[in-house]
Student: 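What follows is a structure written as structure tokens; I'll ask about it next.
This one's a predicted model, so the numbers in the text were calculated from it and none came from an experiment. We name chains A, B, ... by the order of the sequence lines, and we start the count at 1 in each one.
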Protein chains: 2
Amino acid sequence: MVEKQYGCPVEFTLDKIGGKWKCVILWWLRRGTKRFGELMQLMPGISRKVLTTQLRELEADGLIGRQVFQETPPRVEYSLTAFGETLRPITELMCDWGKANAPQFQFGLMCLRGLHILAIATPLTSQRLEAELGELRGAKVTTVSLAIALNTLNQICPNIVLIDYSIDEDFDLLHESLKTLTADSQKPIPAVALIANDQERDRAISQGFPIHLMEPVETSELVGAIANLTSAEDMEGYAE
Amino acid sequence: MVEKQYGCPVEFTLDKIGGKWKCVILWWLRRGTKRFGELMQLMPGISRKVLTTQLRELEADGLIGRQVFQETPPRVEYSLTAFGETLRPITELMCDWGKANAPQFQFGLMCLRGLHILAIATPLTSQRLEAELGELRGAKVTTVSLAIALNTLNQICPNIVLIDYSIDEDFDLLHESLKTLTADSQKPIPAVALIANDQERDRAISQGFPIHLMEPVETSELVGAIANLTSAEDMEGYAE
DNA sequence: GTTGATCGTTACCAAATGGTTACTGGTAGG
DNA sequence: CCTACCAGTAACCATTTGGTAACGATCAAC
């Protein structure tokens, strides 16, 4: 087998991270481990199959690691390898360039207008969320305690719930409430756990909140996650 | 027309510079203006049509400029716009990563072994060429004066000729010699002009050497150019 | 008046990529 | 016994991308 030849170093790099999704995958993985279903939800538009093949290729190239947990239901987690980390400067730059040059209405500001976000968070966190999501992007952010959330969930009826796991409470009941509320309205209300370490992450997963972001959360990451999760069901916004 | 939505900033960037060729084009353009035919020869494997469409898309996105000269034969030159320049850090990083991680045998070292390079250059330049192309990569580098080159070209019979345009001589005759030599052996001997400014560039183009690299030339650029130009006719090296 | 150089375009075709739908498998819960 | 769960696979189809071959426009040189 003769090895592939490249006319310039860039071609080699493109061989590894080219294509529609690979850089995006690396971007979502860059701040910590994610599981398969999480990636699926964070990247609306990608199909199961394509995500699978892209992850496998990245794994074969040694850029990401794949860890299978012998549980039921199955759980598979993906994370950057040390080698994959060497690509971070590139994805970061691509992210920065995108942020700097995408018409603001497309990415960021517009996405969240009209959205109702329920935050269960410490005062500090909720203040930050209000600033980043509310003032800057026009979303309606409601912050409440867990107890109140449980009581008033069906009145608030948010588009998405953010849970700050630095609050050391049991969110199992919240998960139940969200599920029952889901039963009525058909559309499940998505939830995102904000975690600071692996322990909080385990807690979030075991309590039924597999989708998480690692603190300190970058705004683009948070906005992207919210936009993707809330638009997952009605993709009519897409067009040329 | 609803505008496209992006789940994360990276997707926007990918929209502009994704695909098999765009980054490579930007990479070749990053050190100065290039004309269409030059790009064609520097990127073996790309077809006329694809190069055209990619260049047009880059132009439409404001990343490169296109300048048509009302001459015959026609001449079209492409260069990065100020906006396109903002992408340079990304292509540079991709180049660096490729250089650092591509198996050395594929890119660089192996390409030039067995190649005979004729250099018409100042002592300083020829010393650098000998070091970068000869010692490091195993090519055979012969440096001669223009006068000697004209006399002994058919004896030397190099795979490629490098012309240092900081030598202020008339290379028109050399161009003629190369053409006549071409007539015999079917394969044209490619030539690359090493230029330091636009004036030298104009001189090179008018004397029949449209392919050029701007000094100070990066090694990867030089090696890539030589490898691409000398392998353009026999692409058997390609494989999975 | 034919050829050649340069930078294209058009029509057509092939390959790569991406997407959809249905199915698997083991277990917990009802 | 039936369903839901998650992370897949398999078979199939659609779209996008890339490639080939032929042609055009223009003028100069032979």
Student: Using OP1 and OP2 only, check whether a side-chain N or O of R56(A) sits under 4.0 Å from dA7(D).
Tutor: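 The answer is no; no side-chain N or O of R56(A) sits under 4.0 Å from OP1 or OP2.
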Student: Scan E38(A) against the nucleic acid and name what it touches under 4.0 Å (heavy atoms): base, sugar-phosphate only, or nothing.
Tutor: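 The answer is nothing, as E38(A) stays clear of every strand by at least 4.0 Å.
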Student: When the distance from CD1 of I46(B) to C1' of dC7(C) is rounded to whole Å, what number comes out?
Tutor: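 Going from CD1 in I46(B) over to C1' in dC7(C) covers 14 Å.
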Student: Less than 4.0 Å between a side-chain N and a carboxylate O, is that true for K34(B) and E77(B)?
Tutor: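 No, no charged N to carboxylate O under 4.0 Å.
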Student: Rounded to whole Å, how long is the line connecting atom CD of E176(A) with atom C1' of dG30(C)?
Tutor: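 Going from CD in E176(A) over to C1' in dG30(C) covers 14 Å.
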Student: In whole angstrom, what separates I211(A)'s CD1 from dC6(D)'s P?
Tutor: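 My rounded result for the distance is 10 Å.
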Student: Should Q54(B) be listed as having a side-chain N or O under 4.0 Å from OP1 or OP2 of dT17(D)?
Tutor: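 For Q54(B), the contact criterion (side-chain N or O under 4.0 Å from OP1 or OP2 of dT17(D)) is not met.
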Student: Would you classify R48(B) as touching base, sugar-phosphate or nothing, given that sugar-phosphate means primed atoms plus P, OP1 and OP2, and contacts are heavy atoms under 4.0 Å?
Tutor: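 Here R48(B) touches the bases of the nucleic acid.
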Student: Could you give the CD-to-P distance, from E71(B) to dG4(C), as a whole number of Å?
Tutor: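 Nearest whole value for this atom pair: 22 Å.
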Student: T33(A) and R201(A): side chain to side chain contact (heavy atoms under 4.5 Å, CB included), yes or no, with the steps?
Tutor: CA-CA 10 Å; T33(A) 298; R201(A) 180 160 180 273; 3.6 Å; yes
Student: Whether R35(B) contacts dT6(C) is assessed here as follows: a side-chain N or O lying under 4.0 Å from the phosphate OP1 or OP2. Is that the case?
Tutor: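 For dT6(C), OP1/OP2 do not have a side-chain N/O of R35(B) under 4.0 Å.
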Student: What is the distance from CG of L55(B) to P of dT17(D), rounded to the nearest Å?
Tutor: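 Value for this atom pair: 16 Å.
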Student: For R75(B) and dA25(D), what is the distance between atoms CZ and P respectively, to the nearest whole Å?
Tutor: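 Distance check: R75(B) CZ to dA25(D) P gives 24 Å.
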Student: Counting the atoms with a prime plus P, OP1 and OP2 as sugar-phosphate, which does Y78(A) contact under 4.0 Å by heavy atoms, base, sugar-phosphate, or nothing?
Tutor: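 It contacts sugar-phosphate atoms only.
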Student: When you measure from the side chain of K49(B), which nucleotide among dT9(D), dG18(C), dG18(D) comes out closest?
Tutor: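 So the nucleotide nearest the side chain must be dG18(D).
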Student: When the nearest nucleotide of DNA chain D is assigned to F36(A) and to T72(A) on a heavy-atom basis, which residue is associated with the more 5' position?
Tutor: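 Mapping each residue to its closest nucleotide by heavy atoms, the 5'-most match is T72(A).
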Student: Rounded to whole Å, how long is the line connecting atom NZ of K179(A) with atom P of dG30(C)?
Tutor: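 Atom NZ in K179(A) sits about 9 Å away from atom P in dG30(C).
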Student: Hey, mind stepping through Q41(B) and I211(B) against side chain to side chain contact (heavy atoms under 4.5 Å, CB included) and telling me if it holds?
Tutor: CA-CA 8 Å; Q41(B) 293 200 255; I211(B) 300 182; 3.2 Å; yes
Student: Do any N or O atoms from the side chain of R203(B) and from the backbone of Y165(B) form a donor-acceptor pair under 3.5 angstrom?
Tutor: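 Pair found, side chain donor or acceptor close to backbone of Y165(B).
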Student: Of P74(A) and W21(A), whose closest DNA chain C nucleotide lies nearer the 5' terminus?
Tutor: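 In this pair, the answer is W21(A).
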Student: Respond yes when some side-chain nitrogen or oxygen of R66(B) is under 4.0 Å from OP1 or OP2 of dG8(C), and no when none is.
Tutor: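 Answer is yes, contact under 4.0 Å.
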Student: Taking OP1 and OP2 of dC27(D), is either one under 4.0 Å from a side-chain nitrogen or oxygen of Q70(B)?
Tutor: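 Result: no.
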Student: Would you check, one step at a time, whether the test side-chain hydrogen bond (donor to acceptor under 3.5 Å, both in side chains) holds for E200(B) with H212(B)?
Tutor: CA-CA 10 Å; E200(B) 289 181 10; H212(B) 66 272; over 6 Å; no
Student: Within this structure, what is the NZ-to-P distance between K20(A) and dT16(D), rounded to whole angstrom?
Tutor: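 Roughly 8 Å, once rounded to whole Å.
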